[in-house]
There are 2 protein chains.
Amino acid sequence: MAYRATAFTENRKAQTRSRLLKEATRLVSRAGFRGLSIAQVASASGVATGTVYRYFPSKSELCIAVFEQATQREIDAVKAASRLPRPPLQQLEQAFDCFIQRALKNPHLAYALIAEPVDPGLEQTRLVYRGRWAETFAQLIQQGIDQGALAQQPAHLVGTALVGAMAETVIIPLQQARHEAGNHTPVTQAHCRQIIDFCRHAVLQTEPSS
Amino acid sequence: MAYRATAFTENRKAQTRSRLLKEATRLVSRAGFRGLSIAQVASASGVATGTVYRYFPSKSELCIAVFEQATQREIDAVKAASRLPRPPLQQLEQAFDCFIQRALKNPHLAYALIAEPVDPGLEQTRLVYRGRWAETFAQLIQQGIDQGALAQQPAHLVGTALVGAMAETVIIPLQQARHEAGNHTPVTQAHCRQIIDFCRHAVLQTEPSS
DNA sequence: CAAAGAAATGAATCATGGTTCACATTATGG
DNA sequence: CCATAATGTGAACCATGATTCATTTCTTTG
């Protein structure tokens with residue numbers, strides 16, 4: 001018996017892996033998945049290109065890892081923001097607001113996670129997480145229904161629709177801004193207010209669905 | 001003066017161009033923009049690859065032309081469907097329904113036009129047309145407001161949100177189905193009904209926005 | 001320290017598919 | 001029919017960037 005990875009080595013490997021992931025995420029936040037090259041990740045992390053392949057079997061897998069980590073972080077943040085002890089409708093608004101505000105904080109990452117064209121492997125993963133986003137909002141809606149604060153409605157579908165609505169109204173304008181001059185945010189707080197109003201009205205449907 | 005294009009030649013050129021466009025659109029309807037190669041377009045149209053470049057300066061431009069033609073066709077159809085002399089709310093519902101039904105008829109094309117990852121040049125064009133989609137619905141909403149059938153609301157933003165909501169609830173499930181077994185449509189008419197209900201409720205907001 | 005197993009290296013390789021271009025073919029007008 | 005100009009051809013070219021792998025360096029243990 002001449003070699004067996006020791007705790008120190010295992011730890012170092014874990015550190016390298018998370019450094020790769022962190023630098024890759026940083027690159028994606030700057031230039032999207034499109035701007036992610038193995039060579040860049042390697043040099044930003046202080047390793048050789050070949051080394052990246054010791055930790056991720058392919059670029060696609062690396063992208064997926066970046067995506068999953070970053071998206072899960074967003075979902076967790078939104079869930080945490082809506083967990084405060086409030087009436088269901090206010091919890092929902094907290095969730096909308098958190099989603100939007102975080103997207104504004106890191107618009108490039110938001111675009112990359114939700115809308116940027118990506119390779120098919122990642123697109124499939126994104127599909128899974130779109131479902132999780134919808135489910136996140138659907139749970140809050142369902143609670144509202146159960147507690148009588150919201151009218152009966154198909155919670156999952158409405159959650160899905162709201163995710164789409166927020167993506168379209170928040171992410172797209174941010175993306176447009178990137179192509180135009182200046183770095184000003186075209187999504188003002190007033191705009192955010194309107195988006196949240198839209199979402200509130202959408203779940204506050206009063207008329208029965210005939 | 002030894003040569004000047006005659007009407008006959010001009011006509012033949014126009015025919016070739018539209019054949020290229022048509023075959024390219026057919027390929028996109030089958031396999032998305034990802035499945036569009038110059039070589040395939042050429043052979044499907046009965047010309048050599050180089051010939052394609054006599055009509056379109058690059059693949060990107062060809063994709064853009066396909067996209068613009070197909071999307072404009074969709075927008076025109078939705079506008080036509082909503083032009084019937086009806087109360088504003090019913091006109092809107094006609095528009096929603098037309099959008100959804102046409103997407104179901106040609107799910108691959110719908111996905112390609114609205115959600116498929118595409119190259120940056122096309123993505124930019126898509127951004128422009130997303131605005132046109134939003135504007136299409138916004139006009140109907142504004143009419144409803146002007147006629148007192150709908151509450152005061154930011155028509156353009158609501159139009160944008162509805163486009164996002166429909167895209168997310170219709171296109172995404174269709175796309176998921178592609179990855180799974182079977183070719184059955186996971187979007188039933190009942191599902192469509194719910195989507196339209198959601199959209200109606202969203203514009204029928206009764207509560208003033210505080 | 002020596003042996004042996006892991007891990008790191010990074011230049012060379014490879015795959016893909018858009019794009020070019022020298023040449024062939026066809027259309028026009030005298 | 002000839003000269004001229006435009007269009008068609010498709011095999012060769014090229015750019016990009018992921019991936020590989022022979023070699024080197026580092027870790028572990030006896």
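Quick caveat: nothing in here was measured; it's all calculated off a predicted structure. Each chain gets a letter, A, B and so on, in the order its sequence line appears, and its residues count up from 1.
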Distance under 6.0 Å and angle within 45° of the ring axis: does A/Arg126 meet both against A/Tyr129?
no
Mind calculating the distance between CG (B/Leu20) and P (D/dT7) to the nearest angstrom?
14 Å
What is the distance, to the nearest angstrom, from the NZ atom on A/Lys13 to the C1' atom on C/dA8?
12 Å
Examine C/dA8: is either OP1 or OP2 under 4.0 Å from a nitrogen or oxygen in the side chain of A/Tyr55? Give yes or no.
yes
So if I take every side-chain heavy atom of A/Thr49 and compare against C/dT19, D/dT20, C/dT9, which nucleotide ends up nearest?
D/dT20
Spacing between B/Arg19 atom CZ and D/dG8 atom P, to the nearest angstrom
10 Å
What contact category does A/Ser37 fall into here, base, sugar-phosphate, or nothing, at under 4.0 angstrom with non-hydrogen atoms?
sugar-phosphate
Closest to the B/Ala48 side chain, choosing from C/dG10, D/dT9, C/dT19:
D/dT9
Using whole Å, report how far CZ of B/Arg54 lies from C1' of C/dT20.
11 Å
So, the side chain of A/Glu93 versus the backbone of A/Ile196: is there a donor-acceptor pair under 3.5 Å, distance only?
no
Side chain of A/Tyr53 only, heavy atoms from C-beta on: which candidate in C/dT19, D/dA18, D/dG8 is closest?
D/dA18
Is B/Ser18 reaching over with its side chain to a backbone N or O of B/Gln15, donor-acceptor style, under 3.5 angstrom?
yes
For the pair made of CG in B/Asp119 and C1' in C/dT19, what is the distance, rounded to whole Å?
15 Å
Between P on D/dA18 and CD1 on A/Ile64, what's the gap in Å once rounded to a whole number?
15 Å
Applying a 4.0 Å non-hydrogen cut-off, can you work out what A/Leu62 is touching in the nucleic acid: base, sugar-phosphate, or nothing?
nothing
Over how many whole Å does the gap from B/Gln15 atom CD to C/dA27 atom P extend?
14 Å
Spacing between A/Asn11 atom CG and C/dA6 atom P, to the nearest angstrom
19 Å
May I ask you to verify if any side-chain N or O of B/Thr51 is less than 4.0 angstrom from the OP1 or OP2 atom of D/dT9?
yes
Does A/Lys59 make a side-chain N or O approach to OP1 or OP2 of D/dG17 shorter than 4.0 Å?
no
Test your reading of the model: is there a side-chain donor-acceptor pair from B/Gln153 to the backbone of B/Val158, 3.5 Å cut-off?
no
With a 3.5 Å distance limit and no angle check, can you tell me whether A/Thr160 reaches the backbone of A/His156 through a side-chain donor-acceptor pair?
yes
State whether B/Arg12 places a side-chain N or O below 4.0 Å from either non-bridging phosphate oxygen (OP1 or OP2) of D/dT7.
no
